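For reference, the structure is listed below as structure tokens.
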Protein chains: 2
Amino acid sequence: MSPQRDGQSGPSVTGRVLGILSAFGPGAEALSLSGIARAAGLPLSTAHRLVGELAAWGALERGEDGRYRIGLRLWEVGALAPRSLGLRERAMPYLEDLYEATRQNVQLAVRDGHEVVYVERLAHPEAVRVFSRVGGRMPLHATGVGQVLLAFAHASVQEEVLAGPLSALTPRTVTDPHALRRTLAGVRREGVAVCDGMVDLLSLSVAAPIRGEDDRVVAAMSVVVPSAGSDPRTIVPAVRATARGISRALGSPSARRRPSGVVTAPPGAAGGPAHAGRGT
Amino acid sequence: MSPQRDGQSGPSVTGRVLGILSAFGPGAEALSLSGIARAAGLPLSTAHRLVGELAAWGALERGEDGRYRIGLRLWEVGALAPRSLGLRERAMPYLEDLYEATRQNVQLAVRDGHEVVYVERLAHPEAVRVFSRVGGRMPLHATGVGQVLLAFAHASVQEEVLAGPLSALTPRTVTDPHALRRTLAGVRREGVAVCDGMVDLLSLSVAAPIRGEDDRVVAAMSVVVPSAGSDPRTIVPAVRATARGISRALGSPSARRRPSGVVTAPPGAAGGPAHAGRGT
DNA sequence: GCGCTCCTTCCGGTGGCCGGAAGCTCGATT
DNA sequence: AATCGAGCTTCCGGCCACCGGAAGGAGCGC
């Protein structure tokens, strides 16, 4: 409907092709030819030709109902994105352990511009329903992982977000720039973000930063639990330890040495991730 | 190097763009501009223009080293592929449980033409090294999931594969058409494929089919364990039960009713997947 | 039957694409 | 330090591949 960044791609053929791909999105996984043409702002015959070529290559697939969907081949190419697969591959075992221990929702996300993109998500069917989805986007200021990524992003990014409008997903979302600035400072100080009822009123998320080779924050992870009856205190150590473990797996220098003291998470509440302690 | 399906895409602009995407692949996650031009068979200036447009949109990203990688935006679009995300999303919890129980490698794959494409993989860092990777391809006849997908594929597909050359990954790979035909019959009869040392000599895989709404086999899953010291007998029931659970989650009619008798997997060896038994 | 939507094919005009060539930036080599 | 080479970027005129209106077919609901 709203021409966000669809046909705007310019009149070049490449732009049109990308416009066609943009027509697909969450909630629009399958489109008819004319649907694509409409969404991409292309004449039907043009769309027909381009879509035909894309389908022949495998970027799109045509279902029995005649509608087009994203094809396996395009998925394959997309899977090569280093910020998804490379990260995911290494982080998975740690996320696994945390998931297993908490039996809730575990998420992995990266930042793209002023939004957070969810790269991986382990969700227990009976866990609290969570809004995000793999490949989905959310505003930075309103989510746990988003606040972490924002807190450790370049100052210019922070200023831009603080300057822009801060949408409220729930009454509890931080929308005041000053409050957000304070929150971010807290996140930097604590190394975790705790967001209660910001995305939806029933869930609470605890997020921590993941660092890469050069020690910059490259991703964030979080655990989402029911808001009621959960004590963040029991979760924070586990999240912190897991994030640290992933950072080490990615080669972060600051995560090299064993966490001084005892941070391996209490075995009682949220069982110590098996890998967090062992290097090899 | 070898012009497999690169520049062949035809002289249309769309073909060139897709050729550029084809330049990336396993083992070629990052390419320089001239590398792309070479792989796609394009003049440098042409590649430069097209790549620039792709990068501006987010289909490609340029690293600090100047090389291009697949961009997050393309990954996002690819994640909409129903055969990856839709399937994955529903299968995950079951795979989780199986992974947790076995602490080995759990894989999920679909068929594309004469190859198997791995859609998901849970790998324990200390488990037996496995050759496949998410987004990777393998021949149908040589892998556990491949044999399952082949056994339940349309007869024409089977004939084509049986007619074509059957490459040998190890001395133990089935390369004789008659033997393969017999193997496939066995897979259909048993509902599982057991492949010992076919991909590499050290690992053994047990695979089972996953059925969709119309009861057709839409995917396959497998567990890969060390060849030495593993008894398939202890794994088969767990794999079967998990595959059945996923089938039910996908709406397969034949997986509706409780498995007659006791197939919920022995709790000892490979702990019963928590979801396999309970519906809601 | 009639109208509707959606899909497919065709074809002539033209504007976007092509790609050679020249200039630039880096780093390696002598 | 000068030279070389590999890779990247920009420019621009000619040409051809792309565009998209129009016409025809298929399927469906009224």
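Note that these values count all heavy atoms, side chains included, but never hydrogens, waters or copies made by symmetry. Note that the structure is predicted; figures quoted are calculated from it, not measured.
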| field | Six-ring centre of A:Phe152, A:Arg111 cation under 6.0 angstrom, axis tolerance 45° | value |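 No, cation not above the ring by the 6.0 Å, 45° rule.
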| query | How far apart are the C-alpha atoms of B:Leu122 and B:Met92, what are their side-chain angles, what is the distance that settles it, and do they pass the side-chain contact (heavy atoms from CB on, under 4.5 Å) test? | reply | CA-CA 10 Å; B:Leu122 303 177; B:Met92 235 354 187; 3.9 Å; yes
| task | Compare side-chain N and O positions of A:Arg67 against OP1 and OP2 of C:dC7 and report whether any pair is under 4.0 Å apart. | result |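 Result: no.
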| Does A:His48 place a side-chain N or O at less than 4.0 Å from the phosphate oxygens OP1/OP2 of C:dC7? |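 Indeed not, no polar side-chain atom of A:His48 lies that close.
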| Any Lys/Arg nitrogen of A:Arg137 or A:Asp112 sitting under 4.0 Å from an Asp/Glu carboxylate oxygen of the other? |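 Yes.
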| query | Less than 4.0 Å between a side-chain N and a carboxylate O, is that true for B:Arg133 and A:Glu89? | reply |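 Judged by the 4.0 Å cut-off on N to carboxylate O distance, A:Glu89 and B:Arg133 do not form a salt bridge.
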I need the [atom1]-[atom2] distance between [X] and [N], as an integer number of Å.
X	N	atom1	atom2	value
B:Leu44	C:dC24	CG	C1'	13 Å
A:Ile36	C:dT5	CD1	P	19 Å
A:Arg62	C:dC6	CZ	P	13 Å

| Which heavy atom in B:Ala208 sits nearest to a heavy atom in B:Val148, and how many Å separate them? |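 That closest heavy-atom pairing would be C-CG1, 3.8 Å.
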| task | Report the C-alpha separation of B:Arg88 and A:Glu120 in whole Å, then their side-chain angles, then the decisive distance to 0.1 Å, and conclude whether the salt bridge (charged side-chain N to carboxylate O under 4.0 Å, His left out) test is met. | result | CA-CA 11 Å; B:Arg88 214 195 79 103; A:Glu120 183 55 85; 2.8 Å; yes
Sort me out a list of protein N/O and nucleotides 16-22 of chain D N/O pairs below 3.5 Å, or just none if empty.
unit_1	atom_1	unit_2	atom_2	d
D:dC18	OP1	B:Val13	N	2.9
D:dC19	OP1	A:Arg16	NE	3.2
D:dC19	OP2	A:Arg49	NH1	2.3
D:dC19	OP2	A:Arg49	NH2	2.8
D:dG20	OP2	A:Arg16	NH1	3.1
D:dG20	OP2	A:Thr46	OG1	3.1
D:dG20	N9	A:Ser45	OG	3.4
D:dG20	N7	A:Ser45	OG	2.9
D:dG21	O6	A:Ser45	OG	3.2

| request: For the helix from C:dG1-D:dC30 to C:dT30-D:dA1, measure the angle between the helix axis at one end and the axis at the other, each built from five pairs, rounding to 10°. | output: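 Rounded to the nearest 10 degrees, the bend comes out at 40°.
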| Got a donor-acceptor contact below 3.5 angstrom from the B:Ser222 side chain to the B:Ala207 backbone? |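 A pair under 3.5 Å: no.
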| message | So A:Trp75 and B:Leu85, do their side chains get closer than 4.5 Å, heavy atoms only? | response |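 A side-chain contact is absent here, since even the closest heavy-atom pair is not under 4.5 Å.
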